[in-house]
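Here is the structure we will look at.
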Amino acid sequence: MVDLNEADETVIYIPFKGDQQQDAKPLEPLAPPNLPFDLPNGPELRWNAYKAVWSKCSNRIQTLLHQLYEPVVAEVVEKIELAYSGGYDNDIPLLALPHAEIPTIAVANPTSDAYFLSSIVSQLHLITHLYPSDCANLTTAMKAIVNGFLFTSHPASTFRSSAKTLATYDISVLLAWYLAQEPDTKPRRLILLLHDFEQFDPGVVQDIFYICSQHVPALPLILLISLSSPQSPLSPHSYLHVTYPLATLKLLRIQSVVVPSGPKILEEVVIKTFVNLPSDVDLNDKLDIVLGPAVLEYLTEYATRFNHSVPALLNILQLAHLKHFLTNPLTALVSLVHHVPLTTSDASTLNTTLRDPASAAFRNFLIHRLDFCRSDSDDTNSDPDSSLPALIRALHAAHIQFRSRSHAIRLAFSLLQGFHEFLVERGYKGLGTHWGYSNSTATPTHPRSNQAAKDITYTRTLLRKLKPEELRAYLDVLIAYLEGMPNGLADNLGISGEDQGDKDDGNDEPKSLSLTEAIQMLEDLAEWMYNYLRTLTQPIGNTPLWDVWYTGSEVFPSETLNPSIRASIVAGLLRPEDFAAPTEPAIAGSASHSEDGVPIHTLPDTSILFHRYLESGKMINVYDWFESFHAVLNVQRREAKGKIPNEGEKKSPNGKRKGKERAKNLNSDLDEDEDMDAQDNPDSDSEERQQILIQARFVRALHELDFLGFIKHTRRRPDHVLRTVFEVGD
Amino acid sequence: MNSLNQVVSLLELSPPPFIFINDPIAPKFTIQSLLLALQNKIRLVQVDGISTFTPRLLYDTILNGLSQHTPSWDDGCRNWSEETSNDSMDSFLRALKALHVSLCTANSEQRVRLALVIEKPERLKERMPDLLAPLTRLAELTRIDLSVVLVSEVRWEDIRPPLGAAIDPYYVDIPVPTKEIIIEHLVKVFEENSSNSDLASTSTTPHSYDPALQETYRHFVHILVDVCFLYTNDPHEIQYISAARWPGFIKPVLDAHRMNVEAAEGGDEVEFERPSTEVLLRLTHHFKPSLSLALEQLYPRLTNAVDWARANVSDAASLAKDGLILGDAVMDDEDEEEDTVNEMLLSSPTRSRSSKRIQEQKAAQDLSSSNLKDTLPLSVSLPRLSQFILVAAYIASVNPVKSDLRLFGRGADEKKRRRRPAKRQMANAKPKSGSVKIPQRFLGPSPFPLERLIAILGALVEENDSNASEVNDPSPDLLDFRIAGERTDYEVTRVGVYASIAQLTSLRLLVRTTSADKLDGLSAMFKCGSGAPSSYETILDLAKGLGVPLPDLIWDNAAMG
């Protein structure tokens, strides 16, 4: 299991365990490790809580995305259905085209989301899928097309070709089949879906299009092309227009559909998932975990910089959730404390869990935390049983308080966003460029920085400057917004009721508004807004036990998701012991290692070679390199001889096995216990064998470095190699 | 069409065994004319070099076509021939002879003449070079009355089998179609359509291909051909544009007639007559700007005829402005009046006219842009790092390797780098003897190794994107970057960078020139994809968005123009 707190551990070493047939069966998911103050069944509880919370979050995102796709899917399906039958308006009969065109719908689908295509496919019949691998040459491609249609219509109907019939790859077979269909059951269209269109060989595809076009419209073919390049399929720079000649484009009647994608869509999904909850969402469906600014910042950064696809978003969120549940023992409470009013069963689960003597540490920790946050909490006796109901009550109170606080912050965000949009609509700058669409997800969601405070102050200033008619318009917007909120919210917050009344008064008599009154009202509104927002945006960290439901400013484990390859490889070669099975006690326990790292002769072969590599000049003489390697191995041998009883123990822990064991495996088919013999009574024969073994290990390690790209060969000096990596900041 | 008529007469009277027609402009058009002229006169089959991509397909298609046999699904798609006829040239020849015999016995009174028209024979040469020579000698080999006609865009010299294996053809060169030929063809198409029973029977109201409109159509086609002839002389292309524009062009006339019919209330039959010259002039004036627009969009197929016609229907207001609401019935008189009043108020008649034209053109352009409005520029649709990679790839493709260190190397003296390329250019400007160096721009993007791309990317990111990496770094304490540029080095070797390169490759914005399964030896080579990623303008836009001074980083800047 990865330790997500370690920022510099970017690579996980999965030890090779040989050919294990039983690996085929899926492994049981590992339970997360125990943490200090954990409950006895804490790992399990947290794992289950994680699964529940994450699936809820992931479902929400998927649903939102599917809602976004729906209109586009409908558009594609409509275009396909109209392609042959009544596609033309009655007032514009298009005749007199020089030749028939294949109706082609080019879908630019940069996210490459499989859901999109599958939902199109589910609404249509008789689709033949064509993949780039089917189209190595024209014969296989045509065979795939003909057989595909025959098979999708009746899985039983196949065409057996003989010397006296048409060839299986002849499109005339398809035509004959189509003509033989009963008129009433005759399919009205045959859809050819080309997946990953950019990967097809253009030469083959040109010919396919040509052949198909010769039989349109007798054979009602429709091409559905799935492009993943972001440009619209009809722009002059699109893949289609750049790659295919005019002669091919002439054959197609291309219509383009662009699937929504890119940062805007991502942003909409994120905002709708975490901030602007639609009012119809039940309380139960609300997400349990609130993501902190650090995660959201990283999310924005990653999306704008590297990849704004949906899978990347899901990955990041999942990792953030996983880390949250793996590192904090208190998160077990997520599954134990429910926000719905107490039912007896919930309470009893919580009760029994906390009553368990094994969870005393957890209980004490909890009591400590609650005390720490709330000085007015119930007096805590040393007797756990008596304080337990109070503790549970306090837990629920904390949960409710957290919920209302996170609601308040969301509300504040929406208010600010609403005001910003109102201003932008009227041609003002709004709250400044940082509220622009590109990065509004990150900072203001959970105001913790000065920026939020600044924005709120700025809002007050801006409000004071509104003109009277703008004031009216804004009040209308604001009141409409507040009235649209769920009823429970205002009570929940317990702040707004009175103030809302004030504003309503303002709205009732706008017509008889004199200038001074308007100014007064602006002043009132600005002050009220300022205070209200200030109240709403009290830091979320002030609530008790906030870290159970809030990831706060916990750093996102970005190195796990997006490590730097070269740095990781170099680190792995320099300090292999950091990567090999960190849980094994041997490393920590063995006192024989020096303070600043392990001695070089205990490292794997490749590492030894790499250490020497770093000490050399720009060019390395391979023989000198071998000599130095040999010297290290000699130390290794001496050590092994000196501690024969220790050997079995030494093999496993400190990464040494990597080189040595494999080297032994190489050797083992010669003689099983050759090593032991050699060590017991070294005669000349085994000495020679030892030399060969060392050479083999050297060559092997050399090739490994070569394979990793650390070595460049020159033709001029075959006995030297060039270094490719310099100045490793160790 | 003289040369084509020649071919037709030849084939009817005494055909040479092998005719080669070279038509560099519109072979498809030629073939259609040829087939039309020979219909019902001799037995012929048309095959093309693309559809018949194996010998078996070629034999099957020829035999089934000549015998006019359609394989049916119920008898298992059997071919015409009872014998196996498609496994070799020999069996094919036997079957061909048998076919001729059976055809002769079927209609005994006259001799049966066969003809084989092959389109795109150059593709046959690519796929089945051995077949071409026997095909030209088919008459000789089978000893039947058969003629082979090849129609190609390329010349016979370019596809002739070596060593004189094929007989010399009867050469026919089709001249470039003149305006008259094109107009004649289009009018013929109009006639075909006006006699089209489907349309005539559907309604009593006239349609856009009503015979009464033929003269109007001829006038329209004249203007259209004048506009398009400079750019294309393929009759089919002009026919395509005409098909897209004509229904919209004639629609005001048809609408007017419809209104008249409605106004007559079923009383006396309103005769549909062709529009007057004045109306015609007005129509021409109104639609002329849209003709060149149609050419711009339809010829490169930036949209298709159906969608274009639908998007470019003139709305009532603009028609009214040009006095094209032709019905006697008063539709929206007020609007019209208002318009004319406005016009009069605006300025003198001449000026209003010219401004109107500009307006029209603008409107037309707006329409065109709205057609393409979903075009996403790369700067919006790609993540920031991918944009950097594209810029780096462009630089690596265009610059020579030796310039990298000078352009991107950072040493003690910073000033050196900009001066040196300038100096070099001066030196280059002197005429040198020896081979002329072709600027990289005309050579296309050259491939570069992955390492070079990463190195240039690092230099670009280091200089122009320093702030972005701050956020990305989770824990500044743990990663200690002491050497200048080390952090960037760390950043550009992230997994995300390689993933972005792979992603761009799968989008064909970068092209990998070495095979993907080769891990050993030389490193992977890439080059910019064709189109957008290797056009200077696109990359310049990207670079501007990123703040990269691209012109300074191009070695041979003069050539970029």
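All values below were derived from every heavy atom in this structure, side-chain atoms included, with hydrogens, water molecules and symmetry-related copies excluded. Just so we're clear, the structure is a prediction, and the values are computed from it rather than from any experiment. We name chains A, B, ... by the order of the sequence lines, and we start the count at 1 in each one.
- The most heavy-atom pairs under 4.5 Å with chain A, out of S506(B), P300(B), S85(B), P235(B), come from S506(B).
- Among G529(B), S535(B), G496(B), the residue making the largest number of heavy-atom pairs under 4.5 Å with chain A is G496(B).
- For chain B, the option among T243(A), L179(A), T139(A), I208(A) with the highest count of heavy-atom pairs below 4.5 Å is T139(A).
- For Q199(A), the parts lying under 4.5 angstrom from a heavy atom of chain B are both the backbone and the side chain.
- Y59(B) and S88(B) form no side-chain donor-acceptor contact under 3.5 Å, judged by distance and modelled atom types alone.
- Contact count against chain A (heavy-atom pairs under 4.5 Å) is highest for G76(B) among S386(B), A499(B), S500(B), G76(B).
- Judged purely by distance below 3.5 Å, without hydrogens or angles, the side chains of Q32(B) and H236(B) pair a donor atom with an acceptor atom.
- Neither the backbone nor the side chain of E451(B) comes within contact range of chain A, judged by heavy atoms closer than 4.5 Å.
- Donor-acceptor pairing under 3.5 Å is lacking for the side chains of S72(B) and D74(B).
- If you take OG1 on T61(B) and CD on Q46(B), they are separated by 11.0 Å, rounding to the nearest 0.5 Å.
- K120(B) touches chain A through its side chain: at least one heavy atom from C-beta onward sits under 4.5 Å away, while N, CA, C and O do not.
- Side-chain contact between L175(A) and D170(A) is absent, with no heavy atoms from C-beta onward closer than 4.5 Å.
- Not less than 6.0 angstrom separates the ring centroid of Y240(B) from the ring centroid of H99(A).
- Of the atoms belonging to Y498(B), it is side-chain heavy atoms, and not backbone ones, that fall under 4.5 Å from chain A.
- Using bins of under 30°, 30° to 60° and over 60° for the plane-to-plane angle, the ring pair W246(B)/F249(B) lands in the parallel bin.
- In this structure, no portion of D87(B) lies under 4.5 Å from any heavy atom of chain A.
- Taking chain A as the reference chain and counting heavy-atom pairs below 4.5 Å, the highest number among I389(B), L298(B), N86(B) is found for N86(B).
- The most heavy-atom pairs under 4.5 Å with chain B, out of V242(A), L138(A), I254(A), come from L138(A).
- Counting heavy-atom pairs under 4.5 Å between each of L186(B), L57(B), V189(B) and chain A puts L57(B) at the top.
- Per-residue counts of heavy-atom pairs under 4.5 Å with chain A were compared for I50(B), L385(B), D48(B), L507(B); the largest is that of I50(B).
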Report the C-alpha distance between K250(A) and D234(B) in whole Å, list the side-chain angles of each, state the deciding distance to 0.1 Å, and finish with yes or no for side chain to side chain contact (heavy atoms under 4.5 Å, CB included).
CA-CA 12 Å; K250(A) 261 187 215 174; D234(B) 184 343; 3.5 Å; yes

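- A tilted orientation is assigned to the rings of Y169(A) and F53(B), their planes being inclined by 30° to 60°.
- Comparing L166(A), L249(A), D706(A) by how many heavy-atom pairs each has under 4.5 Å with chain B, the most go to L166(A).
- Considering only heavy-atom pairs separated by less than 4.5 Å from chain B, the leading option among A176(A), A180(A), G709(A), A303(A) is A176(A).
- Heavy-atom distances place both the backbone and the side chain of Q255(A) under 4.5 Å from chain B.
- Within the 4.5 angstrom heavy-atom criterion, atoms from both the backbone and the side chain of R78(B) approach chain A.
- Neither the backbone nor the side chain of D75(B) comes within contact range of chain A, judged by heavy atoms closer than 4.5 Å.
- For the pair R123(B) and Y210(A), the cation-pi test (distance below 6.0 Å, angle within 45°) is failed.
- Here the side chain of R245(B) pairs a donor or acceptor atom with the backbone of N312(B) at under 3.5 angstrom.
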